[in-house]
Amino acid sequence: MPRTLFDKIWDFHLVGQRADGRDLLYIDRHVLHELHAHHGFTQLEKQQRPVRRPDLTFSVQDHTVATKPGRNDDTNPSGTAFIKATREGSRKNGIRLFDIDDPEQGISHVVAPEVGIVLPGATHAVPDSHASTVGGVGALAFGCGTTEMTHILATQVMVLKRPKRMRARLDGRLGAHVSAKDVALRLIAELGVAGGRGYAVEYAGSAIAAMPIEQRMTLCNLNIEMGGRSGFVAPDEKTFAWLAGRPYTPKGAMWDRALDYWRTLATDDDAAFDREVVLDCNALEPQITWGTDPSQVVGISGRVPDPAAIDANRREAAESAFAYMGLTPGTALAGLPIDRVFIGSCTNSRLPDLEVAAAVVRGRRVAQGVSAMVVPGSSSVKREAEAVGLDRVFRDAGFFWGESGCSMCAGGNGDRGAPGERCVSTTNRNFENRQGAKVRTHLASPATAAASAIAGRIADVRQLLAGAA
Amino acid sequence: MQPFTSHTAIAAPLLKDNVNTDQIAPILNTRSLREDYKAMLFHRARRREDGSEDPDFVLNKPQFRSAGILMTGNNFGAGSSRESAVWSMLANGIRAIVAKSFADIYRENCLQNGLLPIVLGAAEADVFAAWVVAVNGAAPFTVDLITQRISGPAGADIAFDIAPADRTRLLEGLDDIGLTLKHMNEIASWEQRAAAAQPWLQTARDTR
């Protein structure tokens, strides 16, 4: 019987079934971070249970680390206890930690693929909802809670109900300055914030085939913003070339053998999905959120919608979003004055994201009154960006150039905006108060964020580069 | 995990869709390994800008201050996987949430902690929401997991569905790790099979 790629990966990793009917799925790679790790270590110690596979487990310091140059454990005092407990617990349990000063430290979802910890066809879990970012290299990843994380530490399996299968076919060619972020925002707008609930989503189609790996990761990262349980792209030659030679990938004869297997990782023709959706990307323009959930999206030439045009079920939420965002229906998004720009997060902080933003910024200045910051997704990305002078491009333009971490995505490290500020952000959630009390977040691509920093207003990058803004 | 059999408490209406974990358990400026989960629950929504209590927020209203059941809308618990969004409910005595739907990770986090997530169909959810609003905290409701019924003052019981596996976990308050460890032989033999079929999955070494 023809099978989807999801089923192939799931079936391979199926260890057994619990008496309650749920599946036991083996987790090949488990990555912890400091907001959850200490809970797990403490619980296991209490239960006198060891970590079953410390060799398949990694930890990172990302959510609470400061971004200031010369940072240490205490630079963000609210993170100190978490950072130290993660260090201590990782040491005691024999887990490789990407510590605050490690040359490969960074956001777990950036670090894991970058060093080759995650592989095509592998299962992956992180106590973080954006775990499926690594679906961009063809891994099947699940975000989990703290108790589930502890369960994985003790058993190396996750107890799951098999999700349904969805295929999102993204057809067409992306226009200039349009990227995976715009595609994802449009898809979330179409399907809604719960449209993917209960599904493992395979992203496919000609737009995906053409997409670099980093953009596939952006797309898979945002899968949770439509409620998806997991999201991935079938690996292809681009994936294999991207992974080859990374520190933790197999080498030599083992690589060749892995490659033979990875080339079989595709959905069979005629395999059935529970749901199929199609998005034509040909005419897609840059997208931006106007509201307080990631489905409240318009094209950059669009206007804040009229409540009468909004589905009745979503109208009340829209009206509350208008008030929070300080917007009135009919207002054009482009041209709205802004106070802050953030380029970073597991969504858009890899080297090509920074290159795109730098190309917009180069030779220009951040508009007066706008605070703009770039926070690379990992210390490796930071180093690589510096090697090609991107840090100078950003600094010369007036951007802050930070040490890597989650930073202003959720503000867990103290990087936050001030009340009432309007912020264009390359992150994943425009929830109320997430980037600071009363901060008004507009989610957009690195290109749009960079163009907006220069213009001092929400800007259409295409116009800015054409000299029209 | 504390077993769940039945729970009798005041029910509070939070009739919104997509209530997210940033709202339920916001990341705050000061935090420690021993967080105050009781104070964390809806920390921002409960307060006005000057830090004083917002009397309009449902859980601040006198009749709902001791609420132990929450009635809400679609996609409750969207967003982050942070389990503090469940622990903060429990710290406030809320042991059952009735919703039109839950975000996947949040629902699982509830089940891991003995918090009963009840999903009602849209029509029944509207009936229950109206009932909760009408009672207005004057009398408690009972959520019974054995009979799978919600009962309350002056109204017909509402039956709810829950997957048998989830029901058993809650009723017995079982230690999930302990149950999985019974499968240790299967886990070990899976590892052996994987080491033969896809050996690169069973090692993760820096080979530089």
Side-chain angles (χ1 to χ4, degrees), chain A residues 12 15-16 18-22 24 26 28-29 35 38 47 49 55-56 78 81-82 85 115 117 119 121-122 127-129 143-148 150-151 154-157 159 193-194 197-198 227 229 247-251 254 258 261 293 313 317 410-412 414 429 431-434 437, chain B residues 1 16-18 20-23 26-33 44 49 74-75 78-84 86 101-106 108-109 112-113 163-166 168-169 175-177 179-184 186-187 190-191 194 197-208:
Chain A
F12 181 86
V15 165
R18 283 251 304 249
D20 61 17
R22 289 181 297 160
L24 294 172
Y26 197 86
D28 298 315
R29 301 290 187 267
L35 282 187
H38 71 94
Q47 299 165 8
R49 284 171 171 149
D55 59 325
L56 303 182
S78 73
F82 294 84
V115 302
I117 286 172
L119 299 170
D128 188 275
S129 60
C144 65
T146 314
T147 308
E148 287 181 287
T150 307
H151 182 281
T155 64
Q156 205 59 28
V157 298
V159 191
V193 292
R197 198 173 52 226
R229 195 69 186 90
Y248 283 83
T249 54
K251 303 285 181 321
M254 186 70 91
Y261 180 77
D293 84 41
N313 293 323
R429 290 191 179 128
F431 294 163
E432 294 182 13
N433 306 304
R434 181 169 168 95
Chain B
M1 183 176 102
K16 287 179 188 304
D17 290 334
N18 303 315
N20 65 59
T21 55
D22 278 356
Q23 293 167 283
I27 292 181
L28 301 171
N29 292 317
T30 52
R31 54 193 311 165
S32 75
L33 297 185
R44 287 209 170 85
E49 271 170 53
N74 279 298
N75 199 32
S80 151
S81 68
R82 68 184 74 140
E83 208 156 311
S84 47
V86 169
S101 61
F102 290 89
D104 285 334
I105 300 177
Y106 189 82
E108 181 58 34
N109 282 341
Q112 293 283 357
N113 287 279
D166 296 339
T168 306
R169 283 160 81 187
D175 165 17
D176 226 12
I177 295 179
L179 289 177
T180 297
L181 287 174
K182 291 183 184 165
H183 295 262
M184 205 36 85
E186 284 167 85
I187 295 172
W190 187 92
E191 285 171 333
Q198 292 189 56
W200 53 89
L201 293 181
Q202 277 291 301
T203 59
R205 274 199 305 271
D206 186 343
T207 49
R208 274 175 293 191

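What you see is a predicted model; the values in this text were computed from it and never measured.
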Interface moiety of B:Glu186 toward chain A, non-hydrogen atoms closer than 4.5 Å | both
If one checks every heavy atom of B:Arg205 against chain A at 4.5 Å, the contacting part turns out to be backbone
Atom group of B:Ala197 that falls short of 4.5 Å from chain A, counting heavy atoms | both
Given a strict heavy-atom distance threshold of 4.5 Å, which part of A:Val193 is in contact with chain B: side chain, backbone, both, or neither?
-> both
Side chain, backbone, both or neither of A:His38 within contact of chain B (heavy atoms, under 4.5 Å) | side chain
Contacting region of B:Asp104 [heavy-atom separation from chain A under 4.5 Å] | both
Is it the side chain or the backbone of B:Tyr106 that comes within 4.5 Å of chain A heavy atoms, both, or neither?
-> neither
Relative to chain A, which segment of B:Asn109 carries a heavy atom at a distance below 4.5 Å: side chain, backbone, both, or neither?
-> side chain
Identify which part of B:Ile177 has an atom lying under 4.5 Å from any heavy atom of chain A, answering side chain, backbone, both or neither.
-> both
Against chain A, label B:Asn74 side chain, backbone, both or neither, depending on which of its atoms sit under 4.5 Å from a heavy atom there.
-> neither
With a 4.5 angstrom heavy-atom cut-off, which part of B:Thr203 approaches chain A: side chain, backbone, both or neither?
-> backbone
Side chain, backbone, both or neither of A:Ile117 within contact of chain B (heavy atoms, under 4.5 Å) | neither
Bottom line for A:Thr249: the part with an atom under 4.5 Å from chain B's heavy atoms is backbone
So what's closer than 4.5 Å to chain B heavy atoms on A:Tyr261: side chain, backbone, both or neither?
-> side chain
A:Arg18 versus chain B, heavy atoms under 4.5 Å apart: side chain, backbone, both or neither?
-> both
